[in-house]
Amino acid sequence: MIKLSTDLRDLRDKNIILQKGKGRSTYYIPNYSFQYWNPDNIDYQTTKKNTGKTDN
């Protein structure tokens, strides 16, 4: 449970999610700007680790 709280706090601090409510009634929603994030725009070629292998 501590890890989840830490992760939620980190996302909130990065302004990715918004915290609503307090205490046991706390819930989170995506930030307005995050709703326009599109994972299809990520260039996965530049994020892959270089393994030294070729596709041949």
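This is a predicted model, so every value here is computed, not measured.
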- Task: Quick one: do D13 and R9 satisfy salt bridge (Lys or Arg N to Asp or Glu O under 4.0 Å)? Show the steps, please.
- Result: CA-CA 6 Å; D13 292 346; R9 190 176 314 113; 5.9 Å; no

- Item | Distance (rounded to the nearest 0.5 Å) between Q19 CD and L11 CG | 12.0 Å

- Note on the structure: One should read off an interatomic distance between L8 CG and I17 CD1, to the nearest 0.5 angstrom, of 5.0 Å

- Query: Going hydrophobic residue to hydrophobic residue with side-chain gaps under 4.5 angstrom, can you get from I16 over to L4?
  - Reply: yes

- From K20 atom NZ to Y27 atom OH, the distance as rounded to the nearest 0.5 Å: 6.0 Å

- Is any side-chain N of the basic residue among D7 and K3 closer than 4.0 Å to the acidic one's carboxylate O? yes

- Query: With distance as the sole test, does N31 use its side chain to make a donor-acceptor pair with the main-chain N or O of N15 at under 3.5 Å?
  - Reply: yes

